[in-house]
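Here's the structure, in structure tokens; my notes come after.
Every number for a ligand or one of its atoms is a count from 1 in the order of the listing. Since we're looking at a predicted model, the values are computed, not measured.
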Amino acid sequence: MAVFTPVSLEDLGPWMQQFPLGKALDIKGIASGIENSNFFINTEAGEFVLTIFENLSFEQLPFYLKLMRHLADRGVLVPAPIANDQGELVVALHGKPAAIVSKLEGSSQMTPQPVHCAAVGSMLARMHLAAQDFNIAQPNLRSLDWWHATTPKVLPFLSDELQHLLRAEVHFQDAFDSTPIYRALPTGPVHADLFRNNVMFDGERLTGFFDFYFAGCDTWIFDVAVTVNDWCIDVATGVLDEERVLAMLNAYHAVRPFTKEECIAWQPMLRAAALRFWLSRLYDFYQPRDAEMLTPHDPAHFERILRLRESGQVPALPAV
Ligand SMILES: Nc1ncnc2c1ncn2[C@@H]1O[C@H](COP(=O)(O)OP(=O)(O)O)[C@@H](O)[C@H]1O
Ligand SMILES: N[C@@H](CCOP(=O)(O)O)C(=O)O
């Protein structure tokens with residue numbers, strides 16, 4: 001059960017009058033979310049998704065929703081937010097911020113093949129390019145500053161060996177962050193959480209990226225690394241599957257060629273992407289929030305991935 005704020009068809013009736021979608025005919029809670037209350041709503045204009053934001057504020061939300069609108073207007077497959085009669089994308093419902101977005105067809109592909117990875121790589125590059133002229137800047141809020149703030153909160157729970165691994169990786173990333181190579185990496189709005197459960201497929205056809213609520217401005221190659229670390233691995237071990245990695249990277253490169261600095265930064269960024277999710281999973285595991293984290297994700301998965309990306313060879317980015 002992950003509907004934190006219940007909404008009935010009766011609640012929806014008057015509220016929906018401000019949207020150009022006709023009458024609401026049906027509303028169904030979506031069980032699988034862990035952050036927000038999500039509902040499928042059937043209206044006279046078709047099916048949509050209603051989200052009530054449980055943690056993000058009215059001030060924070062325009063970045064995410066306007067970014068989705070910007071991308072949707074440029075042909076990137078993402079849910080399109082629907083504006084009300086005042087042109088607003090975020091409107092209060094039961095005292096909390098809420099938004100309506102278009103419903104993507106299909107379902108998440110949890111056992112991706114190279115063909116799915118190629119489709120994701122290509123759409124990710126299109127998304128990076130399309131977001132270049134988006135005019136609201138918000139940093140990735142789960143980046144270096146957050147790693148610094150969060151590390152001391154989880155260290156007391158870890159063994160000496162894990163403390164050393166965490167401290168050493170944060171130190172490595174600090175040092176890398178101040179290199180000319182890092183400074184030369186192309187940046188822009190990124191999804192920053194493009195895991196398999198945040199993409200829809202209808203068979204082999206990608207129908208959209210969603211769940212943009214960790215998006216922020218960061219390096220494009222970090223976004224690629226986050227995506228590869230989830231889509232192109234053997235889930236049990238975290239080992240990269242070369243065929244899927246190359247399918248994703250080649251498809252991305254065909255749309256937006258990697259730079260020579262990105263080729264050098266690739267392995268450090270795979271490490272950064274592993275660290276990001278190891279740390280957030282450690283934090284959620286040891287400092288759980290009230291109801292919203294129903295089953296914390298396993299931190300050991302990203303600890304394994306971090307160790308592998310630190311020590312092993314990784315497939316190179318396609319040559320410039
Ligand atoms: N625009 C959308 N189109 C279709 N399904 C969606 C859409 N947005 C969310 N969903 C469904 O709702 C579920 C929960 O959404 P998600 O954004 O992951 O929630 P949370 O951020 O609360 O974890 C997804 O797994 C998906 O099945
Ligand atoms: N992808 C992250 C958790 C973020 O949750 P989401 O369901 O909102 O994508 C992880 O696996 O740790």
Starting from [atom], find the nearest protein heavy-atom neighbour and note its residue, name and distance.
atom                    : result
atom 11 (O) of ligand 2 : Arg281 NH2, 2.7 Å
atom 7 (O) of ligand 2  : Asn197 ND2, 3.4 Å
atom 23 (O) of ligand 1 : Ile34 N, 3.0 Å
atom 7 (C) of ligand 1  : Val49 CG2, 3.7 Å
atom 19 (O) of ligand 1 : Asn38 ND2, 3.2 Å
atom 2 (C) of ligand 2  : Asp193 OD1, 3.6 Å
atom 10 (N) of ligand 1 : Phe210 CE1, 4.0 Å
atom 25 (O) of ligand 1 : Ser32 OG, 3.4 Å

- Message: Is any side-chain heavy atom of His164 closer than 4.5 Å to one of Glu169?
- Response: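 Contact flag for Glu169/His164 side chains = no.
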- Item | Subset of ligand 1 atoms that lie under 4.0 Å from at least one heavy atom of Pro79 |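 In order of numbering, the contacting atoms are 1 (N).
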- Which of these passes side-chain contact (heavy atoms from CB on, under 4.5 Å) with Ile233: Leu240, Leu308, Asp241?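 The side-chain contact (heavy atoms from CB on, under 4.5 Å) with Ile233 is passed solely by Leu240 among Leu240, Leu308, Asp241.
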- Message: Checking side-chain contact (heavy atoms from CB on, under 4.5 Å) between Leu50 and each of Leu93, Asn38, Ile82, which is the one that passes?
- Response: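 With Leu50 as partner, Leu93, Asn38, Ile82 yield a single side-chain contact (heavy atoms from CB on, under 4.5 Å), made by Leu93.
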- Query: Taking atom NZ of Lys96 as the centre, does the number of heavy atoms from other residues, nucleotides or ligands within less than 6.0 Å exceed 12?
  - Reply: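 Above 12, so yes.
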- Query: Is there at least one pair of N or O atoms, one from Ser280 and one from ligand 2, spaced under 3.5 Å apart?
  - Reply: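 Looking only at distances, the answer is no, because the N/O contact criterion of under 3.5 Å is not met.
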- Query: For ligand 2, is there an N or O atom under 3.5 Å from any N or O atom of Asn198?
  - Reply: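 There is such a contact, yes.
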- Please confirm whether Lys103 comes within less than 3.5 Å of ligand 1 when only nitrogen or oxygen atoms on both sides are compared.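 Lys103 vs ligand 1: no N/O contact under 3.5 Å.
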- Task: Examine Glu35 against ligand 1 and note whether any of their N/O atoms are separated by less than 3.5 Å.
- Result: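 Such a contact does occur with ligand 1.
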- Item | Asp230, Thr227, Asp193 screened by side chain to side chain donor-acceptor pair (under 3.5 Å) with Asn198, the one that passes |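 With Asn198 as partner, side chain to side chain donor-acceptor pair (under 3.5 Å) holds for just one option, Asp193.
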Is a side-chain donor or acceptor of [X] paired with a backbone partner of [Y] at a separation under 3.5 angstrom?
X      : Y      : value
Thr43  : Gly22  : no
Asn36  : Glu54  : yes
Arg304 : Gly238 : no
His148 : Val170 : no

- Query: Counting heavy atoms only, which of Asp211, Leu104, Leu50, Ile30 is nearest atom 11 (C) of ligand 1?
  - Reply: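 Looking at heavy atoms only, the winner is Ile30.
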- How about Tyr286 and Phe157: are their ring centroids closer than 6.0 Å?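 Ring centroids of Tyr286 and Phe157 are less than 6.0 Å from each other.
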- Do Tyr252 and Phe258 have ring centres separated by under 6.0 Å?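 Distance test on ring centres: under 6.0 Å, yes.
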Hey, does [X] sit under 4.0 Å from ligand 1 if you only count heavy atoms?
X      : result
Met200 : yes
Ser102 : yes
Tyr213 : no

- Task: State whether Glu47 and Lys28 are salt-bridged, where the test is any N-O pair (Lys NZ or Arg NE/NH1/NH2 against Asp/Glu carboxylate O) under 4.0 Å.
- Result: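 The answer is no: the pair does not qualify as a salt bridge.
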- Query: Which of the atoms in ligand 2, numbered in the order shown and given with their element, are less than 4.0 Å from a heavy-atom of Asp211?
  - Reply: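 Checking each atom against Asp211, I get 6 (P), 8 (O), 9 (O).
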- Could you tell me whether ligand 2 has any atom less than 4.0 Å away from a heavy atom of Phe214?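 Checking ligand 2 against Phe214, which is what was asked, there is a heavy-atom contact under 4.0 Å.
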